[in-house]
Each structure stands twice: as structure tokens, then as C-alpha cells.
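Excluded from the calculations below are hydrogen atoms, water molecules and symmetry mates; all remaining heavy atoms, backbone and side chain alike, are included. Order of the sequence lines fixes the chain letters, A, B, ..., with proteins taken first and strands second; residue numbering starts at 1 for each chain.
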4 protein chains.
Amino acid sequence: MTARVGFVGLGLMGSRMAANLLKKGHPLTVWNRNPERARPLVAEGAVLGGTPREVAERSDVVVCCVSDPNAVGRVVFAEDGIRPAAREGFRYVECSTISPGLARRTAEVLRAGGADALEAPVTGSKVGAEKGTLIFMTGGRRATHDELEPLLLEMGSRAIYCGETGAASTVKLIGNSIITFMLQGLCEGFVAARKAGIAPETLLEVVMASGYASPYFPFKGGAIQRRDWDTHFSIDLMHKDQTLMLEEASRLQVPMPGLAALREVFQAARAQGWGGEDIAAVYKVIEQQAGLKP
Amino acid sequence: MTARVGFVGLGLMGSRMAANLLKKGHPLTVWNRNPERARPLVAEGAVLGGTPREVAERSDVVVCCVSDPNAVGRVVFAEDGIRPAAREGFRYVECSTISPGLARRTAEVLRAGGADALEAPVTGSKVGAEKGTLIFMTGGRRATHDELEPLLLEMGSRAIYCGETGAASTVKLIGNSIITFMLQGLCEGFVAARKAGIAPETLLEVVMASGYASPYFPFKGGAIQRRDWDTHFSIDLMHKDQTLMLEEASRLQVPMPGLAALREVFQAARAQGWGGEDIAAVYKVIEQQAGLKP
Amino acid sequence: MTARVGFVGLGLMGSRMAANLLKKGHPLTVWNRNPERARPLVAEGAVLGGTPREVAERSDVVVCCVSDPNAVGRVVFAEDGIRPAAREGFRYVECSTISPGLARRTAEVLRAGGADALEAPVTGSKVGAEKGTLIFMTGGRRATHDELEPLLLEMGSRAIYCGETGAASTVKLIGNSIITFMLQGLCEGFVAARKAGIAPETLLEVVMASGYASPYFPFKGGAIQRRDWDTHFSIDLMHKDQTLMLEEASRLQVPMPGLAALREVFQAARAQGWGGEDIAAVYKVIEQQAGLKP
Amino acid sequence: MTARVGFVGLGLMGSRMAANLLKKGHPLTVWNRNPERARPLVAEGAVLGGTPREVAERSDVVVCCVSDPNAVGRVVFAEDGIRPAAREGFRYVECSTISPGLARRTAEVLRAGGADALEAPVTGSKVGAEKGTLIFMTGGRRATHDELEPLLLEMGSRAIYCGETGAASTVKLIGNSIITFMLQGLCEGFVAARKAGIAPETLLEVVMASGYASPYFPFKGGAIQRRDWDTHFSIDLMHKDQTLMLEEASRLQVPMPGLAALREVFQAARAQGWGGEDIAAVYKVIEQQAGLKP
């Protein structure tokens, strides 16, 4: 039996993930703040729901993938949101990157209605969303993970169970924190290399020949070299995630001196109007402080 | 014709590199501050020189690999050092990680004597030194790089030319700076995970499935999990390199706010007596600040 | 005509401020979460209100001084809070240190009821509260400042008008940020001095003879020397204020790299169980990182 | 009996200090790298020495006040420097801000010649130098401090004995570190205030009414408001002192995470060509990162 699936949030990632579900043959109801973006999916056979609540009522499982934590609040807790449609057996999959606390509150209210929620933030770009090679981190009841894993694998290649609700969001935020460090390390290195007259390609060649090599370095390093700030992951969104991480760290009483310092570099990028650009563009802040002209 | 080679500095790395040269059939003269460490090589046919100068006099090329920049000063500039033996055609290869300034001074004095120096810091652990899979970064005259590349490839698998003298040291220091960022990101993440009740293996599994994966994470992350502080690269040596990088950055007028902050974590580790342990042990500082007991 | 005054929050500061108002002859109604603390004031003639709402109904002006921003929410917005008692001419004075945003929301809801709010955070210790020498920073309508200034001067020696609602909270948070810097500078200096064998008194003597002298240095420096962590201003409260400042800075798009880094030192103190101690106790974190035993 | 005094270094501070010694009736021999600057003193009766050595030979005590630590090396250790003139009873007073290590080396070589050195860095601006109200911090033998104190008090109002040679330099560097913190706290606060629409004067008024008031805040805050970057203490010199402090901290194994982070702000100012301006001009870096136009 093929589950009836709802999909809320048809942005860069969501539209591609929803398309994969449709291809797998699921009856699909979709919703997006701006309904225009639903058109291509509707053309392929999806039904456009009037509200998240309606989507939930027409579906066994609703997957949500939005970029703004406020949007999650609206989707879940509003009167025409998911919550009033919670019922025995209903499942909600939160793929947005949100705070562990919001994940816990979501699970709590849905469980109160006999339903269950699984947090399942993703890693992988829009390319991964398109090809169905995303990696999901999941948090919630183990049984719910097992139950929903087949659905997740229709959109991705792996689903790694992280623990109770909140654990997956935390792992996702830690991952973005690690990215922050790698990117800052790369940017400071690039600027030093440039001022020392060393070609960035040479630096990248050495990095990639070393034990700390990572495909992330040529990925972002290449963008920096080309000054290509086309957005894969925006500075604003990363800043939001860094902030969520520091808030969670504060709750856990974990000092994160490195991340706290590096978040301010992203803040500086936002203050200068680069918040919508790719995170690679924090390079411009480092460069500016070094007195380099673009 | 097989070059007569000298090797100065028979530590963790040097002894293995020298052994490879011996195996390739080079007549080898060696020197080490503590001559005891030369015994195994002498047993294999190497000659023990009385001073670096004597080594240089008996060799066409001298390779130096010591851990302490003061030692380089002694090897090169002392009365019984390499310098007085500099002569037309003589070559000196500096594999130690030193300041770009010291690399430049070394090249300058040797060139004054008609010889030439190539800086060639390495990346790769003692395992790489043993197997001959080290990566060399080289700095100096392009022709000298070309001339010495075959010799380097007897100890390693690649030699990447970085530019004029000083460039290779700078690239090496930038690389160690990037490692510092990755390690701090990992440590802050591990502590957050631990306080959130998330297994470190889960975190590493997600990291390794993501676009920013690097073998460095399970390498150091595994050591942290096992609390195995056995030294591959000591906190003291890394702190020295961070200091050299910040000095060079100061000369180049490059702010490195991230590295500057992270160096102080290494300082905290040294102050608590962990300077001789592997750099993975900076985890203990992060853990301590988070109020975690080992 | 003497205004009927209500006072909500009878902690370290509030109880002393309320006592001064009582001495000046104001009919006084008080409320505190734990009513026990109201006893001494009731013994002097104050009336104990059952709820903040009742206090507001019986008073022309209500002054609030609590330490926890959640408490402000409860006092103002709850059903039995101040809000339903808002009426033409009613005045609310918020002396708690809260976020500029909360100050604005408070003013908004009270103005909707025809009343007005003035934010008036204070500087000065419990001694200042007792002697009536507090300094108030005020934010709101200028006319409301002028109207309430005489009341404030019954509890303090000055009321500095900072601007529209939110401005005074912002100024207060900036002030606490400056304190954070001064304290960290002092602590790093003390530890360096101690390790160099220099007496802290000598350092303080020089500081106080210099152009950057401030009474704050011997105040906190003396406490550190005596290892007297008796709370004037707790690490937890300061950490809360640093967090509010960084949130407001994020809203204003102001990078505060220094403050962000220093907040993590406070986090480290909290993680180790020192959150209830005076902010001088962050010295223990610096000392610990330097490998010094108390 | 009036001591014959030599004075080396006739810059902003030195020329005024030397003038005071001349007024007190000391036979004065002076030297400056650029002899032009000695003219006014020679016009008043000072003798111009050909080399520091000649100054030392003609004097019982030599006072040195230069801005560059390399200059100190030249004055003390060169063949025509002070050192060869060291003899029983000769005294050398080092008023330059130098590393504790250089102070110790200086004392050592002069003591080897039967003479003695006292380090005596100063606090106080050129105004203090002119009026003779400088504060000296001294390090060295207590007896030498007592012997030279009267001379110091002809140029200043106090001489605070800090301990063995090196202690006074350390105290001076710690003081400059504290200034760095205060200035950064002020700058971050100013930018936040500006973006929040709060007048800087209001912020300063509150600061000066608070327990952490310091004349340093209106001094530098006023300059920032007027955008007056006229040099009292240059960014380059402060950066040099921050570097000396961090080097000494490294030797003492003292992490100084705050100072390390803030030094990079000064680095950013230097990289952008503001190194010769007053330290107040680091405000421009903070402002720039916040996206504010001057």
C-alpha cells in the first residue's frame, strides 16, 4: 500500500524532494506559502491543498521542508496548521533545520493527538535533493524512524538515527558549526596565501594531498577563486543555524568559543548586505579586513 | 651517478626518511644531536658525521628534518654547521617546518656560497615517512626543485612546487592552521554532542556522509573517543607552528582572528601540562570548560 | 498630591528601592512571587497585593524590579498581571534589565490601554539602592520621563533620558558589555602578573595611577585577590544580559566579536557550577586555563 | 652633587623629559638618530653626543626613551652603543616599552660591566612628559630604584617599584592590554548605540555615572565622536606592545584569549593603512564590519 503523502514547503530543496515522492507513485498533496511554486508539481499530478491542515487531513504522512523557523511555527501550530489534524497513526516529518527545542515541542503536541513526529534534517545540496541522494539525520522514537525510513529513502540514500527528538537537530547544527570552522580556516588561509603571493590553486592542491583533505575545500575554495557567490547555502541561513547552535549550547552549558567568534564574521557579512549570498562570500569580510581589494 | 646524501635530524620522521634514502642506494652520512639515534642507520651502512659541517662536506645534498627552529639555526648557521661547507653545486633541503623568514635567510647564505637551498616541508605522518608516501611542498628556485624532485620522490609520492623561498613554509603553516580549525570544530561539536546525549560515533557517521567529510575527522575523533593522546603531532609543536603563522601573518598584515583565538586553546593545554601530547588532547581543554569530567 | 505607588519584585534591589518610596510617604502596595519577602515592608506600612493586577489597580504608578525576563512577562502580560489594569493616566516603570524588544512590547500594550510605560534600568549596587543614589537610564516618551523623574529621584540621584523605548535597555546592555571587557582584561592581566611573580596590588597601583584608571578595577581586583565571590552581580545574570545584548546586536546587524568571545568565558564558568557567584569569579576560568591552582 | 645625565631618544616623549632634566640643572648630553631633533635642547645648553657610547662616556646616568625595540638593540648592544661604556657606578634607565626579555638581557650585559640598568617604562601622555607628571614603573634591583628615584621624580610624579628586571615591562604591557579591552568594549558599544539611534554622548554620560567610569572613556570616546585620529598612541605601537605581551604570555604559558582576539582588530586596522593613526581609529574597523559609513 502506498502512503498518501503531503509536502509543505516547495523551495529549492522541497520542490525536488516532493518531485521524487511523486515519481515513486505516492498520491501527493502540497502546500506552499506562495502557491505559484506548486504549479509544476500540480502539473505532474499533485493536489494543491488550501492550508497545511488540509494537507494533513488528506495525507498519512506530511513532510515539511521550509527555511525559516517562524514558518515551521506557522505550519505546525497555527489554527489551520498540522496540529489540529493530528490523529492516531498520522506522521509528521520535519526536514527543516530548526532548534532542538522546537523539534521537541512539535513532537509533544502531535503525540498528544495520538500522532507522532520525526525530525529529519538533511545534508546534501539541491543536487542531492534532485538525485535523491540526500542524507537524513533522524530524531524521535526508534520505531517511528524504522516505519518512515523507506519513505526517506525515496528522497535520499541514507537515514542515520541520532536519538531522541532533538538529537538530529543538534547533530545538524553541529555539522553546520564544523562547516563554519572549515570555511573560516580556508578563508584566512586564502588571504594569507594571496598576500604572500601564493596561488590559491597551489594551496588547494596541497590541502587535497594531505590527511585533512575534504571535498568541501575545493568546492568552496573554487567558488572563492571565481568570486562566485551564487547561493547554495546563504549567509543568512547559516547565521540562523549558528545562532540556534549557540542557543542550544547555552542551554546545555557548553562554551563554544570558536563558533561564537566565527558567527560574528557572518554577522559582519550580513551587515554589509551579503546575507543573501552563499556562505563562501564571508571571504569578502576576511579579505576586507586584510586591506585587499576584490 | 647516485648522489651522496647527508641527513641531519633523525627523529620520528627523519630516521624513516633517511632509511628510505639508504635503501635506494645513496651513500649516506648522518648526524643527530643525540648520536645514539643514528645507530640503526649506521648498522645499515650509513656513516656518522661528527658535525653538520662534516656531513655537508661529505655530501652533494644534505636533507634536514628537525622539530625545533632553534635546531635549524644551529645546523645551518653555527661554525660547525652547513654554511661554511656551502660550495658551487651543493644543495640543502630543509624539511623542517620553519618560519618563511628563516627559510629565506638560509637560502640567502647558501646562495652567497654558490650553493642553493630548497625548502621542502612535508605532510604525512610517520607512517607516510616509513612507506615513502610523504607529500613535499617546495619553495625556492624552480630549477632547484626540478633538480631535487627525484630525490624527494625517493622519500615521498609527490613534490608540489609552491613558489619562491618562503612560499612552501607559508603553505605548510596555512595547512596547520586549517587543521587547527577542523580540530576545534570537532572538539566543540563532540562536547556539545556529549552533553546532549548523542553518541560521538553517530556524529562522526553523519560528518562522514556529508559534503564536508574528511578522513581527519574519524582519525582525530576516534583518538578522542578512545582518549588516546599518543603523539602523532604534539600540542607544543602545533603551538609553535601557529605562532610562526601568526608572526608571518603579522608581517603580511593579514588578520587571522580565528587562528589567533584557537591558538590560545593550545596555550591552555600547554599550561596544564599537556604540551607533549597529541593535538587531539586539546579536547581536554574544551571538555574542562564545559564542566565535563573525563 | 503624593502618588500611590505599587512595587513589584522585592529582591536585593527592589526591597531597598521600595523602602525608600515608603519613607518618602507614598501609599505603597507591594507584590513579590514569594510573599515572605514583603513582610518587613508591610511591617512599615505597605499593603501586600494579591496579584500584580491588584497592585496596579490600587496604584497610580507601578515600579517593577525583577531579575528574570520571564518574570517580567508574567508581571505584565498574565491575566492577573499589570496589563488588564492599564487605564488612562496609569504609569508603569520597568527597572529590570530586559531586552529592548520586551520593553517595546510592554510599552505598546500599555499604551493601547491609554496608559504609558517608561523603561528605567538602573546602575548601582544594593548599596546605591539603599542610599537612594542609583542612576536610572530611561527610555520612552520624553513627557513621561519628565513626569516620572521626581519619583525616580526618590530612589536615585539621577535619571538620564536615553531616547525612545528600547534605548535605555540598549544602553544598559552596552554598559554591561563594557564591564565584561574590563573584567576580562583585568583577569587576563592578573593571571599574567601572577605567573610573572608580580603582586596584584602592584598591578592595581599602576592601573590606578594611569589614565585608564577606574574604581571598578580595585573593586573587582580586590575581590579576586581575596577570592571573595560573594555576589553583587551574578555570572548567570551577566550571561543573560550578554545574551540579550548579542540578540539585539544580531537584530541591529552589529558584529560584536569581542563580546561574543567573552560571553563564552562566562558560559565556561556556568558549566562548572559558578553561575551563582559574583562575576569576579570568571577569574577562576582564566586561572584554570593557565594551569594555576587556586 | 648633580648627576651628569645622558638622554637617548628625543621623540614626542623623550624631548620633553630631557627638557625637564635640563631645567633641573643637570649637565645633559643627548643623542637622537636624527640629530635635527636635538637642536632645541642644544640651544638650551645640552651637548650633542656623536654616538650613544659617547653619551654614556660623558654621563653618570643615561636615560633612553625610543619607540622601536630594534632601536633599543642599536642603542645598547652596538659597538658604538652604551654597552662598551659600562663601568662601575654607571646607570642606564630604559623608559622605552620593550619586552621583559630584552630588559633582562640589557641588565645582564650592563651588570657584567659593573654598571646597572633599571627598566622604567612610563604611563602618561606627552602632556605628562611636559608637565613632569609621568608615572614610572620600575624593575631591577631595589637599591638601584631607590638610588634613581629622585632623578625619575624630576621627570614624573611617581615611581612604582614592580620587582625584578622584567616586572616593570610586564606590568606596562598588561596595562596596554587592559586599554585594548576598554577600547574594544567602547567601540563595540558605540557602534551598537549608533545603529540603535542612541547618541554617543548619552552612552558616555551613563558610563561616567556608573561604577565602571574611567576618564579613558570620554578621552577616547570624544575622539571617536569627532573622528579625530590625531596620534597620542599609534595603532602600530599598540600592536607591537600587544605582540610583546602575547609573546611573554606564551613564555609564561598564560592563555590570553581576549587579547589575542582583539590584537587582530588592530591588525585589520594596520592592513587598511591606519597603523599610524591613534588607537581610537580601530573604531573604523568595527564600524566597517557593521556596514556603517563614516
Side-chain angles (χ1 to χ4, degrees), chain A residues 100 123-125 135 137 158 160-164 166-167 170-171 174-175 177-182 184-186 188-189 191-193 195-199 202-203 205-207 209-217 219 245 248-249 252-259 261-262 265 286 289-291, chain B residues 100 123-125 135 137 158 160-164 166-167 170-172 174-175 177-182 184-186 188-189 191-193 195-199 202-203 205-207 209-216 219 245 248-249 252-259 261-262 265 286 289-291:
Chain A
T123 176
S125 61
I135 309 293
M137 293 147 258
R158 271 176 82 187
I160 301 173
Y161 180 71
C162 295
E164 295 303 310
T170 303
V171 168
I174 291 174
S177 168
I178 291 175
I179 287 174
T180 303
F181 278 89
M182 293 174 78
Q184 179 81 12
L186 184 68
E188 293 190 8
V191 169
K195 279 201 135 177
I198 295 160
T202 303
L203 179 57
E205 193 182 350
V206 168
V207 167
S210 301
Y212 55 94
S214 165
Y216 204 72
F217 292 124
F219 175 40
M245 180 76 252
E248 186 65 6
L252 295 167
Q253 299 206 332
V254 175
M256 296 185 85
L259 181 62
L262 304 187
V265 180
I286 317 291
Q289 287 182 43
Chain B
T123 176
S125 59
I135 309 294
M137 292 147 259
R158 275 177 80 185
I160 302 173
Y161 180 71
C162 297
E164 294 305 309
T170 303
V171 168
K172 171 72 201 240
I174 291 174
S177 169
I178 291 175
I179 287 175
T180 302
F181 278 90
M182 293 174 79
Q184 179 80 12
L186 183 68
E188 293 191 6
V191 168
K195 278 202 137 176
I198 295 159
T202 304
L203 179 57
E205 194 182 348
V206 169
V207 166
S210 300
Y212 55 94
S214 166
Y216 204 72
F219 174 41
M245 179 77 252
E248 185 65 7
L252 295 168
Q253 299 207 331
V254 175
M256 296 186 85
L259 181 62
L262 304 187
V265 180
I286 317 291
Q289 287 183 42

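Ranked by heavy-atom pairs shorter than 4.5 Å toward chain A, the options B:Val207, B:Thr170, B:Ile179 are led by B:Ile179. The candidate with the highest count of non-hydrogen atom pairs below 4.5 Å against chain B, out of A:Thr202, A:Leu252, A:Leu203, A:Ile286, is A:Leu252. Highest contact tally toward chain B, considering only A:Tyr216, A:Phe219, A:Tyr161, A:Tyr212, is held by A:Tyr212 [criterion: heavy-atom pairs under 4.5 Å]. Options A:Glu164, A:Met245, A:Gln289 differ in how many heavy-atom pairs under 4.5 Å they form with chain B, and the most are formed by A:Gln289. For the options A:Gly197, A:Gly166, A:Ser210, heavy-atom pairs under 4.5 Å to chain B are most numerous at A:Ser210. Per-residue heavy-atom pair counts under 4.5 Å with chain B were compared for A:Ala196, A:Gly291, A:Ala199, and the maximum is reached by A:Ala196. Taking A:Ala249, A:Ser214, A:Ser177 one by one and counting their heavy-atom pairs under 4.5 Å with chain B, the maximum is reached by A:Ser214.
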Derivation and outcome, salt bridge (Lys or Arg N to Asp or Glu O under 4.0 Å), residues B:Lys195 and A:Glu248: CA-CA 11 Å; B:Lys195 278 202 137 176; A:Glu248 186 65 6; over 6 Å; no
Intermediate values then yes/no, side chain to side chain contact (heavy atoms under 4.5 Å, CB included), B:Glu205 and A:Met137: CA-CA 10 Å; B:Glu205 194 182 348; A:Met137 293 147 258; over 6 Å; no
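Looking at A:Ala193, the atoms closer than 4.5 Å to chain B (heavy atoms on both sides) sit in the backbone and in the side chain alike. Heavy-atom distances place the side chain of A:Phe217, and not its backbone, under 4.5 Å from chain B. Contact of A:Pro100 with chain B is not made at all, since no heavy-atom distance falls under 4.5 Å. Both the backbone and the side chain of A:Val191 come within contact range of chain B, with heavy atoms under 4.5 Å apart. With a 4.5 angstrom heavy-atom cutoff, A:Thr123 touches chain B only via side-chain atoms. Using a 4.5 Å cut-off between heavy atoms, A:Leu259 touches chain B through backbone and side chain atoms alike. Only the side chain of A:Ile160 comes within less than 4.5 Å of a heavy atom of chain B; its backbone N, CA, C and O stay farther away. Using a 4.5 Å cut-off between heavy atoms, A:Met256 contacts chain B through both its backbone and its side chain.
The side chain to side chain contact (heavy atoms under 4.5 Å, CB included) test applied to B:Ala213 returns B:Met208, not counting sequence neighbours.
Side-chain contact between B:Glu188 and A:Pro255 is absent, with no heavy-atom pair separated by less than 4.5 Å. Between B:Phe181 and A:Met182 there is no side-chain heavy-atom pair separated by less than 4.5 Å.
B:Val206 and A:Cys162 get closest at one heavy-atom pair: CG2-SG, 4.4 Å. Counting all heavy atoms, side chain and backbone alike, A:Gln184 lies closest to B:Gly258 at NE2-N, 4.3 Å.
The CD1 atom of A:Ile174 sits 10.0 Å away from the CG atom of B:Leu186 when rounded to the nearest 0.5 Å.
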